[in-house]
Amino acid sequence: MNNKEATLYYKNSIEMALKEGNINKAHALLVEAKSLGIPYIQKYFIRTINKFHGIKIYPRDH
């Protein structure tokens with residue numbers, strides 16, 4: 001799996017987990033993706049939580 005495929009896989013998997021309300025699974029995917037060096041995955045995770053759950057979480061650089 002190349003980096004582009006891995007990025008797409010983790011983004012889709014995180015989004016599906018959050019749509020299902022499974023924040024623990026989404027977080028586990030985030031941790032795994034970060035360990036693999038997937039770029040901007042933390043920001044994607046935060047934006048997706050905000051989108052689906054109305055929870056306002058801001059990145060540290062905000």
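Computed from a predicted model, the values in this text were never measured in an experiment. Just so it is clear, the values below take in all heavy atoms, side chains as well, and ignore hydrogens, waters and symmetry mates.
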Under 3.5 Å, which donor-acceptor pairs do the side chains of residues 17-24 form with other protein atoms, sequence neighbours left out?
{"unit_1": "Asn22", "atom_1": "OD1", "unit_2": "Lys25", "atom_2": "N", "d": "3.0"}

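- Hydrophobic cluster membership differs between Phe45 and Val31, with clusters built from Ile, Leu, Val, Met, Phe, Trp and Tyr side chains linked at under 4.5 angstrom.
- Annotation: side-chain hydrogen bond (donor to acceptor under 3.5 Å, both in side chains) contacts involving residues 1-12, sequence neighbours excluded, comprise Tyr10-Glu32.
- Under the side chain to side chain contact (heavy atoms under 4.5 Å, CB included) criterion, Gln42 pairs with Leu30, Lys34, Ile46, not counting sequence neighbours.
- Contact between Ile14 and Ala26 at its shortest, heavy atoms only, is CG1-O, 3.9 Å.
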